[in-house]
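Treat the numbers as computed from the prediction; the structure is a model and nothing was measured.
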Amino acid sequence: MASPHVDVDDLVATLKQIRQRGHSAHTVFRDWVDLMLYALQRRDEPYLEVLDDYRERADMDQPDGQRSADLFATAFGQLQERMAETDTDVLGAVYEEYGISSDAFGQHFTPHTVCEMMAEISGIVDDSETDDRQTVLDPACGSGRMLLVSGRRHPEALFVGQDKDPLCAKMAALNCCFFNLDAYIVQGDSLTIDYQRAWQTSHSPMGGSVRELDEDEIEGLRDSLTPAFENTAEERPPDDAGQDSERQEESASVSVSTLSGGEQASLLAFDRDH
């Protein structure tokens, strides 16, 4: 089931209208996430390429407001409204609810209540106890829920999330943008220090922004973050080594930790350069 206290029925119903036109649940959700991410980055070419798959005659003959492109935009508006009402990870809740009947989704995220507990007991020090900017790291971040909850408590921190699932990484990047956090989100396996894609989200008084890093920037970010992810992997109990990848992600996703002073310094140096 979706996370408690997050009603996403109307939003799911909007996406299902698109699905009923011959598209799979996973394809519709993936394309919706891509469209939102491209729109926020003002990347018109890949945005239009996604919409090309929804220009069949049967779809284009729909009245205004009922074409797939219109419904994707409607779902975006519904998402924004629900996030404003609940201040929670609505995008992740839609993923969970919308994917219940589809094996292509295959995972559920840490409940909001557990995230709140973990953020409360994690080792994030009070701002008055250090002159360094705090860094919050989640090596298997899913939709970024742990980062968002920590962001409520420590909005001035720098947040870093990684997930090997491309869709999860994109959701986390969107969420950090929506919640106006300074963050880096990496797509890749944190256990092997694999970096495939990465996004930076930036806080501003006018709201968050997001951009995808180029190859050189990804390499610089990888060099800055590698010590932190290696330390996280070393701290994991030895019996994790024999578990499957899904269980590894679950155990890592509930670990929100601060980086050491040296690791913070290297990451913040990268941040200042970009």
Could you label the plane-to-plane angle of the Tyr95 and Phe29 rings as parallel, tilted or perpendicular, counting under 30° as parallel and over 60° as perpendicular? perpendicular

Please enumerate all residues that pass ring-ring contact (aromatic ring centres under 6.0 Å, His included) together with Tyr54, with sequence neighbours excluded. His23, Phe72

Are Val28 and Leu48 joined in one hydrophobic group, where the rule is that I, L, V, M, F, W and Y side chains link up if heavy atoms are under 4.5 Å apart? yes

With the threshold set at 4.0 Å, does a side-chain nitrogen-carboxylate oxygen contact exist between Arg67 and Asp59? no

Charged N to carboxylate O under 4.0 angstrom, Glu212 versus Arg42? no

Report the C-alpha separation of Arg211 and Gln200 in whole Å, then their side-chain angles, then the decisive distance to 0.1 Å, and conclude whether the side-chain hydrogen bond (donor to acceptor under 3.5 Å, both in side chains) test is met. CA-CA 6 Å; Arg211 71 181 186 92; Gln200 178 187 18; 3.1 Å; yes

Donor-acceptor under 3.5 Å ([X] side chain, [Y] main chain):
X      : Y      : value
Arg222 : Ile193 : yes
Glu97  : Ala93  : no
Asp138 : Gly161 : no
Ser143 : Gly92  : no

Taking only residues two or more places apart in sequence, or in another chain, which ones meet [X] in a side chain to side chain donor-acceptor pair (under 3.5 Å)?
X      : answer
Thr201 : none
Asp194 : Gln196
Ser24  : Thr27
Gln78  : Thr14

Does a sphere of radius 6.0 Å around CD in Gln80 hold more than 12 heavy atoms from other residues, nucleotides or ligands, not counting ones at 6.0 Å or beyond? yes

Please round to the nearest 0.5 Å and tell me the distance separating atom CG of Asn180 and atom CE of Met206. 10.5 Å

Taking atom CG of Leu71 and atom NZ of Lys16, what is their separation to the nearest 0.5 Å? 14.5 Å

Using side chain to side chain contact (heavy atoms under 4.5 Å, CB included), reason through Lys170 and Asp34 one step at a time and then give a plain yes or no. CA-CA 8 Å; Lys170 292 174 184 178; Asp34 281 342; 2.8 Å; yes

Begin with the C-alpha distance, continue with both residues' side-chain angles, and end with the deciding distance and a verdict on side-chain hydrogen bond (donor to acceptor under 3.5 Å, both in side chains) for Asp182 and His203. CA-CA 5 Å; Asp182 285 332; His203 168 88; 5.9 Å; no

[X]: salt bridge (charged side-chain N to carboxylate O under 4.0 Å, His left out) partners, not counting sequence neighbours:
X     : value
Glu85 : Arg82
Asp31 : none
Asp10 : none
Asp52 : Arg55

Beyond-backbone contact of [X] with [Y], side-chain heavy atoms, under 4.5 angstrom:
X      : Y      : answer
Leu174 : Val33  : yes
Phe179 : Asp87  : yes
Leu79  : Phe178 : yes

Test: ring-ring contact (aromatic ring centres under 6.0 Å, His included). Region: residues 157-176. Which pairs qualify, not counting sequence neighbours? none

With sequence neighbours left out, what residues match Pro166 under side chain to side chain contact (heavy atoms under 4.5 Å, CB included)? Gln187

For Asp53, what residues pass the side chain to side chain contact (heavy atoms under 4.5 Å, CB included) criterion, not counting sequence neighbours? none

Given the rule in the side chain to side chain contact (heavy atoms under 4.5 Å, CB included) test, do Tyr195 and Asp189 qualify, once you have shown the distances and angles that lead to the verdict? CA-CA 7 Å; Tyr195 282 48; Asp189 191 340; over 6 Å; no

